[in-house]
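Because the structure is a prediction, the values reported are computed rather than measured. Just so you know, ligand 1 is whichever comes first in the structure, and atom 1 is the first atom listed for that ligand.
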Amino acid sequence: DKGNHRHFMAKEIHEQPEVVGRTLAHYVDMANGRIALPEALPFDFAKLSRLSITACGTAFYAGLVAKYWFETIARLPVEIDVASETRYREPPLERDGLTLVISQSGETADTLASLRYAKAQGQHSLAVVNVPTSTIARECSVVMPTLAGPEIGVASTKAFSCQLTVLLCLAIAAGRARGTLDAARERALVDALITVPGLMAESVKLEAEVEVLSREIAKARDVLYLGRGTSYPMALEGALKLKEISYIHAEGYAAGELKHGPIALIDETVPVIVIAPHDAIFEKTVSNMQEVAARGGRIVLIGDAKGAADHGLDTLATLTMPDVDPVVAPIVYAVPVQLLAYHTAVFMGKDVDQPRNLAKSVTVE
Ligand code: M6R
C-alpha cells in the first residue's frame with residue numbers, strides 16, 4: 001500500500017522520521033541518555049583488534065559511514081569491502097574477531113557467502129538486517145535489527161537510514177566498552193541521535209525545492225557527487241541512488257580526490273553535487289568547490305545555513321539543511337540525497353520502484 005504516495009520509494013522516504021525513531025527507541029535508553037543494546041553480545045568490543053565489515057550496494061555505503069564512526073568513537077580499526085570481493089579475496093581473519101554484515105533483505109548471495117567464510121575462520125558474526133526471518137539473520141551469532149518495516153522500492157532508502165542509526169548505536173556501545181568515551185560524551189551523542197527523526201522531518205520540507213532542482217539535473221548526462229569524511233560515502237550513495245533509478249551516469253568521489261582525475265570532467269554540463277554540512281573539514285570542501293567554480297562547473301550545495309553563508313560562491317542551487325550535529329549528519333542528509341534522485345527519475349518518467357535490470361534482492365551472484 002503506497003498510502004498517499006505515487007511510489008513506494010516516496011512513501012519510504014517520507015516514513016523515515018518514524019522508522020528511524022522506532023529503531024532508535026529499540027537501542028536507546030532514553031531515560032538515562034545511554035545506548036542499551038537489545039541483546040547481549042557474545043564477544044567483547046574491548047578485546048577486538050579490528051572489525052571487518054562487508055555488504056553490498058547501499059548497505060556497503062552504510063558500512064563505510066560506520067567505519068568513520070567506529071574508528072573515531074571507539075578507536076576500533078575497521079576493514080571494509082564489498083561482499084563480492086571479501087568472499088573471493090579470502091582475507092585472513094583472526095579467530096574470535098568480529099565480522100559485521102549489513103543487509104536489508106538478509107538474502108544477498110555475496111553477503112551471505114562472506115558471512116559463511118568469516119564464520120569458518122572462527123569469527124563472531126553480527127548482522128544488521130531488516131528482515132528478521134532472513135537467512136543472514138538466522139546464520140549470524142547476533143542480530144541487530146533495523147526496524148524499517150518492509151522496503152518495497154528497489155532503491156534502498158529507509159533501510160539505509162535505519163542501518164546508519166543502528167551502526168552509530170553500535171559504535172557508541174563499542175566506545176563505552178573500549179573506554180574511549182565517557183558517560184558525558186555518550187550522553188551528548190545520544191542527545192544528537194534523538195534529534196535525528198525531527199531533523200529528517202524538517203529536511204523532507206525541502207522537497208518542493210528539490211523538485212524544481214531535479215528538472216535541471218534531469219538534463220545532465222553525467223553528475224558528480226563530492227563529500228569528505230562521512231559525507232564521502234554519502235556522495236557514493238547519492239551517485240548510486242541517482243544512477244539506479246534515473247539512469248543518469250553519476251560518480252561519487254572523495255572531494256579531495258577531485259584534483260587526481262575527476263576535475264577533468266568539469267564543465268557547465270556536469271552538475272556537481274557537494275554534500276557538506278558545516279563540520280570540522282568544511283573549509284577543505286569549500287576549496288574543492290572553488291576549483292569546480294573556477295572551471296565553470298555548476299554546484300549544488302547540500303549544506304546548512306552557516307556553510308551557505310561562508311562559501312561565497314555562485315551555485316546552481318543550495319539546499320539549506322537544518323543545523324545538525326556533524327556526527328549524525330549522514331542520517332539526516334540521506335533525505336535530500338534520496339529526494340533528488342527520486343524527483344529526477346520521476347520527472348524523466350522512469351519506473352522508480354522497479355528500475356530496469358535490477359532486483360530488490362540479489363540472491364545469485
Ligand atoms: O538486501 P541488501 O541490503 O543486502 O541489498 C544490497 C544491495 O543489493 C542494495 O542495497 C542495492 O544496492 C540497492 N538497490 C540500492 O538502492
Expected output: side-chain R34 to main-chain E186 donor-acceptor under 3.5 Å: no
For atom 8 (O) of ligand 1, the protein heavy atom that lies nearest, with its residue and separation: V362 CG2, 4.1 Å
contact_flag L358 ligand 1 heavy-atom lt 4.0 Å: no
Approximate separation, where rounding is to 0.5 Å, of I275 CD1 and R228 CZ: 14.0 Å
C56 touching ligand 1 at heavy-atom level, < 4.0 angstrom: yes
K241 N/O under 3.5 Å from ligand 1 N/O: yes
Flag, side chain of K360 to backbone of G153, donor-acceptor distance under 3.5 Å: yes
Atom indices of ligand 1, in the order listed, that fall short of 4.0 Å to a heavy atom of S156: 15 (C), 16 (O)
Identity and distance of the protein heavy atom lying nearest atom 5 (O) of ligand 1: T108 OG1, 3.5 Å
Backbone of R356 reached by a side-chain donor or acceptor of Y247 within 3.5 Å: yes
Minimum-distance protein heavy atom relative to atom 3 (O) of ligand 1: Q104 N, 2.6 Å
Flag, side chain of W69 to backbone of I172, donor-acceptor distance under 3.5 Å: no
Polar atom proximity, S105 to ligand 1 (N or O, under 3.5 Å): yes
Enumerated ligand 1 atoms positioned under 4.0 Å from heavy atoms of A155: 16 (O)
Residue-ligand contact E107/ligand 1, heavy atom below 4.0 Å: no
Sidechain-backbone polar pair: Y117 side chain, E90 backbone, donor-acceptor under 3.5 Å: yes
Top protein contact for atom 11 (C) of ligand 1, by heavy-atom distance: T58 N, 4.2 Å
For the student: nearest non-hydrogen atoms of I136 and A127, plus distance: CG2-CB, 3.8 Å
Closest approach of any protein heavy atom to atom 16 (O) of ligand 1, naming residue and atom: E244 OE2, 2.3 Å
Contact (N/O only, under 3.5 Å) between G106 and ligand 1: no
Atom indices of ligand 1, in the order listed, that fall short of 4.0 Å to a heavy atom of A59: 3 (O), 10 (O)
Flag, side chain of K67 to backbone of V78, donor-acceptor distance under 3.5 Å: yes
Sidechain-backbone polar pair: T180 side chain, I73 backbone, donor-acceptor under 3.5 Å: yes
